[in-house]
Structure formats: structure tokens, C-alpha cells
Amino acid sequence: MKLYVSEGNPHGLKVLAAAGLWAHGVEIQRLQQDEKVVPFLSQAKLPALELNTGNYLFCANAICRYFTLAAGKEQGDLTNQWMEWEATELQPVISAVLYATIVQGKKTEESLAMVGKQLEHISQNLTKKPFLTGDAVSVADIVVWGAIFPLLAEMSTLLEDLSSLKNWFKKVSDLQPCQKAVESLFKGKGPSVFKAYLQKMPAPSATTDASACN
Amino acid sequence: MAVEELTALEKCLGLKAGKYSRRAQGSSQVPVLQTNSGPSLAGLATIASHLVTQAKKEELLGVSLEEKAVVQQWLEYRTTRIDRLTSKEDVRTTLKDLNCYLEDKVYMAGNKITLADILTYYGLHPIIADLSIQEKENYMNVSRWFSHIQHSPGVRQHLPSVVFIKNRIYSNVH
């Protein structure tokens, strides 16, 4: 089993953290962002996980899921729902905000207003339980944490009014595998490490969501 | 669209019709199911996985660890990629990738039909129904797989059957 990650790819964070938490034996290989690993995809797509059977996983969330399944953790409706929400609703907005702030250099407040609704949603769901799916950290926490980390690391003011989210974010960030994932990906440089990656992406079209956030 | 599809899946699984609503998300809509047992569930892949479990057909979510992860990966591909194809170029790339993936496969995960096949089939239906005979021949593996899934018992439901011609009528395109 081999995990391929590339420098400056924000999706690397969750897979490295999940590997640290649940899949200690996985071999990690670092590649350039445009290196093609998955044989059936015409475009380079990282992170990717090469399984011992020769098959590949190319979605970061599916890779995290595989690690937790291999560690004997079953996943229920709530986990599935968070992971789908992260992929379909949170991620497009995060990509748009990162693109606007890092690549286009837009004012952060404007860009941040785009993601307010999503952060509030997370916070509301943490008022009655310590983690997204219950009392213990699950793959859903890692996936959502990995998505918002690049934003919140620099723009911690976002958390001021969202105390449940703030506590949870600190708890997950303090987990040792998460700290290690951040160190190995950011190398102390902050979200600007994502610039080269984001520049190669097509400009996100999630601006349609922005109007719904007010 | 997603709600009609989940209703078709319920019929395919032999379940009673559930109560659905829709939540707006940007320009699209997210299906929401009111479950009998507790809170509502949102999202196509989440609800579909829930229905499969309700019907006690867990094998449709994959049997081995690897199959389970692969099934969920293609469900994510469905909601984040197939449902968001905006240009003809996107459609072509997606069909090309799937064609390449299916080259040595009968099903998307493992050796039996899974939810990944069913939801990818539903998602691709409008695209495949629009292809010319020549295009269907270009994406030969996708066509073979699609034809096979649409004939699987109970899967097609209300969707019109897409016709494939068994013998190639165009010479190989170089």
C-alpha cells in the first residue's frame, strides 16, 4: 500500500492525518503535483492510494475512509453524511475562498463571508457533542478539519463567534498525527504554500453559493 | 432529479416509498429523507447507502474493505464530478476516464453489482442517451458496462432503455 502526496496540495492534509491516526504501515511517497499516478485518469490527481491489489483510490475522502475501515471502524449514516457534505458543499466554497485570497489577493473579509454559513453549520452540530459523530474523533472530523484548516490557520478571527467550532478545531489540531501532517505539508510557511497548486486549478465556480450566504 | 432517482432505488430494493424534501444548495438541490428512526438524512450518496442498509442488502456497499472504499469513491465521483459536468470537454474527459477504468472490469467495484454501478448508471443516463452511435462505439467499455447494468433486474425502473448496436458499424477510429 502506497500513498502518493504532492507538496502544496491542500487535500494532502486529511490523508496524512488519517494515515497517522489509523494506518501506520502505509508507505508515503512525495511527488510533483503534475505527476500522473492513477493509470485510468487522464489528468494528474493527487493524493492517491495504490492498494496491494493494484487498484487505486483517487479521492482524498475515500482514502481516509479506507484507512479507518482497515483499522476496523465501521461507518454509519452520520459519517457518510458529513463526508458527502464536505465533498459537495464545503469543499467548493473552500476552494473558491482559497483561490480568491491566495491567487487573486482579494480582501479576506469579503472572501470569508462566503464560508460563514458552512462554518456555522459545523459549529451548531458541535454544541451537544465533542466531535462531529459523537464522543470520539472519527474520519468525518479529520475530513472536515483538513478542509477548513488552510483557512482557519491564518484567519483565526473567523472563529471568534463560534466557540463550539473553535474548541473542536483546537482539539483536532492538537492531535499529534494532525500536527505532524500540518508540519510536513506547510513547513512553517502558511497557506501560501498552496499557491502553485491553486494557480493550476481552473477558477472555481462556487461564487453561485456566495449569494446564499447572507 | 435526485429524489426521482432515490424513489427508483427504493423500488429496486423492494422498499416502501420514503418521505423526501429538497434543500437548495447554490444552483442545485440536495435531497433530504425523513427517516422513521430519527433525524433526517441529506445527500444522494448518504441516503442511497442508508436505503441499501435498510433493505438488508449491505453487499451492495461492497464486501471487502477495498470494495467498500471503492464504492464510496465512485459515489463521491458521481456527486462531485458527474453531477457537475459543465462543458462538452468535461463530458468527454469523464467518459474517457471511465472507459479506461472499465477496460478490464465488468463492475465498478469487485465482481458483483454494487451501489456504485447503480448510481453511476443513473447519473450517466442523460449523457449516454444523448450520444451518437459512433460516440457509443468510441466509449466501448462504458457502453458495454452501461448496457449490462440497465439490464440488471430492477435497476432501470422508469428510465428509457438506451439502445446499443452489438456489431461495430464504424471502422476503427484512429
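Just the heavy atoms: all of them, side chains too, but no hydrogens, waters or symmetry mates, feed the values below. Letters A, B, ... are given to chains in the order of the sequence lines, protein chains preceding strands, and every chain is numbered from 1.
Residue with the most contacts toward chain A among B:Leu98, B:Leu65, B:Thr80, B:Thr46: B:Thr46 (heavy-atom pairs, distance under 4.5 Å). Among the candidates A:Asn80, A:Asp77, A:Thr53, the residue making the largest number of heavy-atom pairs closer than 4.5 Å to chain B is A:Asp77. Among the candidates A:Pro39, A:Cys59, A:Ala62, the residue making the largest number of heavy-atom pairs closer than 4.5 Å to chain B is A:Cys59. Counting heavy-atom pairs closer than 4.5 Å to chain B, the top-ranked of the candidates A:Val38, A:Leu41, A:Asn52 is A:Leu41. Interface check for chain A: of the options B:Ala24, B:Ala69, B:Pro39, the most heavy-atom pairs under 4.5 Å are formed by B:Ala69.
Around NZ of A:Lys106, the count of heavy atoms belonging to other residues, nucleotides or ligands within 6.0 Å does not exceed 12. Around the CG atom of B:Asp104, the shell of radius 6.0 Å holds more than 12 heavy atoms that belong to other residues, nucleotides or ligands. Within 6.0 Å of atom CD in A:Gln104, more than 12 heavy atoms from other residues, nucleotides or ligands are found, so the atom counts as buried in its surroundings.
You'll find the ring centres of B:Tyr139 and B:Phe146 outside the 6.0 Å limit. The aromatic ring centres of A:Trp145 and A:Phe131 sit 6.0 Å or more apart.
We find the CZ-OH distance between B:Arg156 and B:Tyr122 to be 10.5 Å, quoted to the nearest 0.5 Å.
Classified by interplanar angle (parallel below 30°, tilted 30° to 60°, perpendicular above 60°), the ring pair B:Tyr77/A:Phe58 is perpendicular.
Only the side chain of A:Glu74 has a heavy atom closer than 4.5 Å to any heavy atom of chain B. For A:Leu51, the part lying under 4.5 angstrom from a heavy atom of chain B is the side chain only. For B:Leu102, no part lies under 4.5 angstrom from a heavy atom of chain A. Heavy atoms of B:Val71 lying under 4.5 Å from chain A are absent altogether. With a 4.5 angstrom heavy-atom cutoff, B:Glu76 touches chain A only via side-chain atoms.
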